[in-house]
Amino acid sequence: MSAVGQTQVRTEVRTYGGWRVPRSAGIGSLSMRETILALAGLVASVMVMMVAGVVWAGVVLLIEAVVLYLVTSKDKHGMSLLDRSAERIQFRRSVRRGSTRYVSGPLSPKFTTGGFRLPGVLWKSTLSEHTDSVGRTFALIHHGDKSLAVVMALSPPGTELVDLDQANDLVALWGNWLGSLSGEAGVIAASVSVETCPDSGERLRRAAARQSAAGAPVAAQQVIGEVVDSSTQGAVDIKVWATLTFSPAALGAGRRDLTEQEIATRLPGLTQTLQYAGTGPVHLMTAGELCQMVRVDYDPASSSLFDAAASRGEKVALEWGQCGPAGHETSSDRYEHDSGVSRVWTMSSPPSGTVQFRVLEPVLGLHPKVERKRVTWLYHPIDAARAPSIIDNDVNQANARLGASGGNPSARVVREAQVARQMADEEAAGGGLLDFGAVITCTTTSSDVEEASASVESLAASSRLLIRTAWGAQDSGFAVGLPLGLQPGDQDMRRAR
């Protein structure tokens, strides 16, 4: 007789990490810019001493010490006293100029511009509609900085009902897709937005009506109606979008029509690789769908109107110049727009150390005290031709800080050097390099946003994210957090009052 033993295969629980903020090496804990500032102050004090004497040289040294203190005294978000002071000064200037308030439509003093245009950094954005090489209609957003964005709706299956090894494969496929963006010509940015919002239940009612037989018993119809009514009470809808941003200069197509044709030709391949990354079906957003999405984001109360129109089979004709707010007012820590009040945070630091794939579930998931929440991850792929030099520079800077610390370096400096070398090895093996960030937005239709804000901050802490309120830039942060492919930074815009 022979016995056959069963071997249990244990799936590995993978961890992820290795992200770091590049820092230039300087004297001690100072960065290169701070070191240059300190040395420039010393040289200036020596020159003043040679010309005006020791007393004036001491004054120069005192001024330099104050400036260095303002620059090097940083909080947990990496913001110095000088940075926070500059924020306050800039916001007060905006308040005096009146650029924190916006009025559009018939009450606008500049109604000749027409309609309800999007404010701020989205002021000069336009929308066009095209057809890709396989016949799918898609909307193309033209931003003020000449970049172009394509928005795609996703239906990811999630990881609740999948095995651990399959979840690991999904994470690996998503990582491969992000890494492949570095080799995509013309793609300068990507973003993924996950939004949780109330569901009116109209879609479930329409689905039940479509599948109901004409001669069904009355009792069965009543039971189905009660089930639908109970299911729609407190229901929440989860929406996911992915956005790709293109640069016409990087595409090299030249004319605008050629650029649009190039994007239309490449979209089938891009959407196919995105679907292979485990995102489920990929739907290219049309102009009408995109206008409705933006309108609901700025006016959450209009969501029920769109759902009611869809249930009656009516099509809402909405143009890009009509989906902006009728008015908004930006405060230092909140953003009031039509029927909504929002607060925006930016990520100061990703999860430290190593994490598992479920680390972001708290901040992406539902919360009973948060009416609407949108988490947008921003990715900036670095060109594969520039990545080696950037990685080598990071390794050299990390080794320089390690050598400057002497024979007793801190654990943080040693860890930074190890991570830099690991990133160099992975890039040399074919891995992609990209920068990333996050914008979190919560919106409520009531005037009290503080309770929802406390819940969002608690969810971010559970996901080990360090977030900071977008102080004085709530309207711009709100626009960047929308799945429109808008790039943080300078935008060609027109200030509206």
Side-chain angles (χ1 to χ4, degrees), residues 118 121-122 125 127 138-141 143 147-158 174 177-178 181 187-199 236-246 270-271 274-275 277-286 289-298 300 303 323 335 337 340 342-347 350 360-367 370-381 434-443 452 456 459-460 463 465 467 470 474-488:
L118 294 172
V121 293
L122 291 171
S125 63
L127 189 67
F138 69 96
L140 192 62
I141 306 174
H143 288 296
S147 63
L148 307 173
V150 177
V151 186
M152 298 163 284
L154 309 179
S155 300
W174 177 249
W177 183 78
L178 290 178
L181 294 179
V187 178
I188 58 173
S191 67
V192 177
S193 299
V194 180
E195 182 177 275
T196 57
C197 57
D199 191 356
V236 179
D237 189 17
I238 301 178
K239 302 176 182 179
V240 184
W241 298 277
T243 307
L244 290 176
T245 305
F246 299 85
L270 291 171
T271 54
L274 181 59
Q275 186 172 352
T279 61
V282 179
H283 169 69
L284 296 175
M285 298 283 286
T286 63
E289 294 170 343
L290 206 56
C291 291
Q292 178 176 328
M293 179 195 69
V294 175
R295 179 58 188 164
V296 170
D297 286 331
Y298 277 100
S303 175
C323 56
Y335 179 46
H337 48 93
S342 300
R343 178 164 293 172
V344 183
W345 297 264
T346 57
M347 184 186 69
L360 295 179
E361 283 187 355
V363 73
L364 297 178
L366 309 175
H367 195 281
V370 182
E371 183 178 349
R372 288 177 173 269
K373 174 172 56 66
R374 182 173 57 254
V375 181
T376 300
W377 290 92
L378 307 173
Y379 301 98
H380 177 67
L434 66 151
D435 296 329
F436 68 96
V439 178
I440 302 176
T441 306
C442 80
T443 303
V456 171
L459 294 175
S463 294
L465 293 178
I467 61 176
Q474 291 287 303
D475 54 344
S476 300
F478 185 90
V480 172
L482 293 173
L484 300 179
L486 189 67
Q487 292 301 291

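- Thr279 places a side-chain N or O within donor-acceptor distance of the main-chain N or O of Leu274, the cut-off being under 3.5 Å.
- Side-chain contact check for Gln487 and His380: no donor-acceptor pair (N or O, by modelled atom type) lies under 3.5 Å.
- Stacking of Arg374 on the aromatic ring of Phe478 is recorded, both the 6.0 Å distance cut-off and the 45° axial limit being met.
- Between Val151 and Ile141 there is a side-chain heavy-atom pair separated by less than 4.5 Å.
- For the pair Pro300 and Arg372, the minimum side-chain heavy-atom distance is below 4.5 Å.
- From Asp237, atom CG reaches atom OG1 of Thr196 across 9.5 Å, with rounding to the nearest 0.5 Å.
- Taking both residues in full, the closest heavy atoms of Cys323 and Leu118 are given as O-CD2, 4.0 Å, listed atom of the first, atom of the second, then distance.
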Output, in order, the C-alpha distance, side-chain angles, deciding distance and verdict of side-chain contact (heavy atoms from CB on, under 4.5 Å) for Ile467 and Thr346. CA-CA 5 Å; Ile467 61 176; Thr346 57; over 6 Å; no

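- The closest donor-acceptor contact from the side chain of Lys373 to the backbone of Val363 lies under 3.5 Å.
- Between the CH2 atom of Trp377 and the OG atom of Ser191 there is a distance of 12.5 Å, given to the nearest 0.5 Å.
- A distance of 14.5 Å separates CG of Leu290 from CZ of Arg295, quoted to the nearest 0.5 Å.
- The aromatic rings of Tyr335 and Tyr298 sit perpendicular to each other, their planes meeting at more than 60°, with 30° as the lower class boundary.
- Counting heavy atoms from C-beta on, the side chains of Glu195 and Val375 never come closer than 4.5 Å.
- Residues Leu127 and Leu140 have side chains not in contact (no heavy-atom distance under 4.5 Å, counting atoms from C-beta outward).
- Between Tyr379 and Trp174, the ring planes are perpendicular. Angles over 60° get that label, and only those under 30° would be called parallel.
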Show your reasoning for whether side-chain contact (heavy atoms from CB on, under 4.5 Å) applies to Ile440 and Val344. CA-CA 6 Å; Ile440 302 176; Val344 183; over 6 Å; no

Are His367 and Leu459 close enough, and set up right, to give a side-chain contact (heavy atoms from CB on, under 4.5 Å), and what steps lead you there? CA-CA 9 Å; His367 195 281; Leu459 294 175; 3.9 Å; yes

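- A pairwise comparison of heavy atoms in Pro157 and Gly280 identifies CD-N, 4.3 Å as the closest pair.
- Atom CD of Glu361 and atom CG of Leu366 lie 11.0 Å apart (nearest 0.5 Å).
- Between Pro488 and Leu378 the shortest side-chain heavy-atom distance falls below 4.5 Å.
- Of the possible polar contacts, one joining the Thr243 side chain to the Pro483 backbone as a donor-acceptor pair under 3.5 Å is found.
- A distance of 8.0 Å separates OG in Ser125 from CG in Leu486, rounded to the nearest 0.5 Å.
- With values rounded to the nearest 0.5 angstrom, Leu482 atom CG is found 6.5 Å from Met293 atom CE.
- Listed for the Gln292 side chain is no donor-acceptor partner under 3.5 Å among the backbone atoms of Glu289.
- For the pair Leu465 and Leu360, the minimum side-chain heavy-atom distance is below 4.5 Å.
- Put simply, the side chain of Cys197 reaches to within 4.5 Å of the side chain of Lys239, judged on heavy atoms.
- Remark: side-chain polar atoms of Ser193 are not paired, donor with acceptor, to backbone N or O of Trp241 under 3.5 angstrom.
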Going through the checks in order, is the side-chain contact (heavy atoms from CB on, under 4.5 Å) test met by Val187 and Thr245? CA-CA 6 Å; Val187 178; Thr245 305; over 6 Å; no

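- Looking only at side-chain heavy atoms (C-beta outward), Leu181 and Leu244 come within less than 4.5 Å of each other.
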